[in-house]
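This report refers to the structure that appears directly beneath it.
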There are 2 protein chains.
Amino acid sequence: MKKNRDQTTEQRILEAAEKLFYERGYAMTHTTDIAREVGCNQALVHYYFRTKERLFESFFENKIKLFIGALANSGNDETDFESKLRKKIEAHYDIIRKHPRLPFLLFNELSTNSKKISEYKAKLGETPALLLESFDRELKEQAQKGNIIEINALDLIATIISLNAIMFIAAPVFKALSNSTEKNYEKILDRRKDFNVDIVLKYLKPIQ
Amino acid sequence: MKKNRDQTTEQRILEAAEKLFYERGYAMTHTTDIAREVGCNQALVHYYFRTKERLFESFFENKIKLFIGALANSGNDETDFESKLRKKIEAHYDIIRKHPRLPFLLFNELSTNSKKISEYKAKLGETPALLLESFDRELKEQAQKGNIIEINALDLIATIISLNAIMFIAAPVFKALSNSTEKNYEKILDRRKDFNVDIVLKYLKPIQ
DNA sequence: GCAGAAATTAATAGCTCTATTAAATAAGTC
DNA sequence: GACTTATTTAATAGAGCTATTAATTTCTGC
């Protein structure tokens, strides 16, 4: 246990946990596995994080922020609404591509653990609701200007998230279905980003 | 253990398992829980299904067929391509609404268990690939006729599946985010079916 | 280099879960 | 009703998991 690749043991445990939680989810990842992955004693995992639950929380919160942040914070410097939206979709897609198992884990934890929803709701307070409202207003404005059709924020966000996540959530299925090698599938993923932007923007475009 | 509501014990076990597997997934559902749900001894679960794994398989296969079948078999009697596609999307959406946890479970099992992919690939043989090919041909035909833009089958299927699944996969999040009561969310789900048809058909429509 | 703090390990208690086995009960069958 | 088979239960082996504790090693400042 001295492979000190410039990382503290705590960091290495967190990383190993991250990897395994992504791969197998919470229930199927054991502190024993994490220790084995790191190459340390299993008690050490508990020494640093006390419980498996806390360890999980440690990385889960960051990931949620990453996921939401991509949509909320990207493209806000664009003046043109279409460019702004495009940037948001692309940034969100890029984050997911970097963390392909993230959407899945996110939906999983938030839907099997209904406590967590209320926890995060309490923790985040009014912020999400306010963001949603302000996005709703923006969409209404843009619709009145005739730039887009009428749509509510939730529908649009759901659409973006689903389109961006699907190729990763269902990757094994699609890979098998299309007889894709890893490289081939990477190409499919490249294309898909533009596809998603196109489908959203085309839907929003008022009939000419 | 004599509440014989016209069902065999085996069926009742399978149903209880179904319910719990949907709610909690494979790992978090225990044969003990299933027995408690049924109101029988835990050993009985093993008596009928031998292992938890086999019990899981027993219902999982049916569900996969349900999911794929909705897309593959609906609307095929329509002559008009657009109507056909509309029917497929709607049927698929309806199945998911009836089994809201199905997409999630499906993606989960197929992505954590890469063995299963090859298993199903072996079991289903060429059928999926052939279906995909024939759908690809049909899309090319329709594109040549000028009825739709060019698109490959995988992209289209991925789009439909993702749009149809998102409101269910992310239901707890969206419910919390929109401050929806159960009834309110049902209304959102009603609307969403048409929304999904619209967004797909609008994307496919050639620019006029 | 030594005392005290931090990091790490070995060992294990205490649970929980799956699966099996043997015994008990219920349900046919002739 | 006796015999056979099917269903159900109680008990438990055996494995694996989390978390804790106490002991050991490594590090740090003086």
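Numbered from 1 within each chain, the chains take letters A, B, ... in sequence-line order.
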**Fill in**
Rounded to whole Å, the NE2-P distance (H30(A) to dC17(D)) equals 4 Å

**Prompt:** Taking only N and O in the side chain of H46(A), is any of them less than 4.0 Å away from OP1 or OP2 of dT18(D)?
**Reply:** no

**Request:** Rounded to the nearest angstrom, tell me the gap between atom CZ in F49(A) and atom C1' in dT18(D).
**Result:** 16 Å

**Asked** For the salt bridge (charged side-chain N to carboxylate O under 4.0 Å, His left out) test, which of K193(A), K88(A), R192(A), K87(A) pairs with D94(A)?
**Response** K193(A)

**Asked** For dT8(C), does either OP1 or OP2 sit under 4.0 Å from a side-chain N or O belonging to Y47(A)?
**Response** no

**Asked** Quick one: on DNA chain D, does D33(A) or A43(B) contact a more 5' nucleotide (nearest heavy atom)?
**Response** A43(B)

**Pair R12(A) + E37(A): basic N to acidic O under 4.0 Å** = no

**Request:** Please determine, for the side chain of Q42(B), which listed nucleotide (dA19(C), dT9(D), dA10(C)) has the closest atom?
**Result:** dA19(C)

**Asked** For R36(B) and dT9(D), what is the distance between atoms CZ and P respectively, to the nearest whole Å?
**Response** 15 Å

**Item:** Under 4.0 angstrom between T9(A) side-chain N/O and dT8(C) OP1 or OP2
**Value:** yes

**Request:** Mind calculating the distance between CD (Q11(A)) and P (dA7(C)) to the nearest angstrom?
**Result:** 13 Å

**Interatomic distance, L20(B) CG vs dC17(C) C1' [rounded to whole Å]** = 15 Å

**Asked** Over how many whole Å does the gap from L44(B) atom CG to dA10(D) atom P extend?
**Response** 11 Å

**Prompt:** Can you name the side-chain hydrogen bond (donor to acceptor under 3.5 Å, both in side chains) partners of S162(B), sequence neighbours left out?
**Reply:** none

**Prompt:** Quick one: side-chain hydrogen bond (donor to acceptor under 3.5 Å, both in side chains) pairs with a partner in residues 125-140 of chain B, sequence neighbours left out?
**Reply:** K84(B)-E138(B)

**Prompt:** If you check every side-chain atom of T51(B), which of dA11(C), dT9(D), dA19(C) has the closest atom?
**Reply:** dA19(C)

**Request:** Send over the distance from M28(B) CE to dT16(C) C1', rounded to a whole Å.
**Result:** 13 Å

**Asked** Do the side-chain N or O atoms of Y48(B) get closer than 4.0 angstrom to the phosphate oxygens (OP1, OP2) of dA6(D)?
**Response** no

**Request:** Measure from OH on Y26(A) to P on dC17(D) and round the result to the nearest Å.
**Result:** 14 Å

**Message:** Quick check for you: to the nearest 0.5 Å, what is the distance between L156(A) atom CG and L139(A) atom CG?
**Reply:** 6.0 Å

**Request:** Using a cut-off of strictly less than 4.0 Å, decide whether T31(B) has a side-chain nitrogen or oxygen near OP1 or OP2 of dT18(C).
**Result:** yes

**Request:** Using a cut-off of strictly less than 4.0 Å, decide whether R50(B) has a side-chain nitrogen or oxygen near OP1 or OP2 of dT20(C).
**Result:** yes

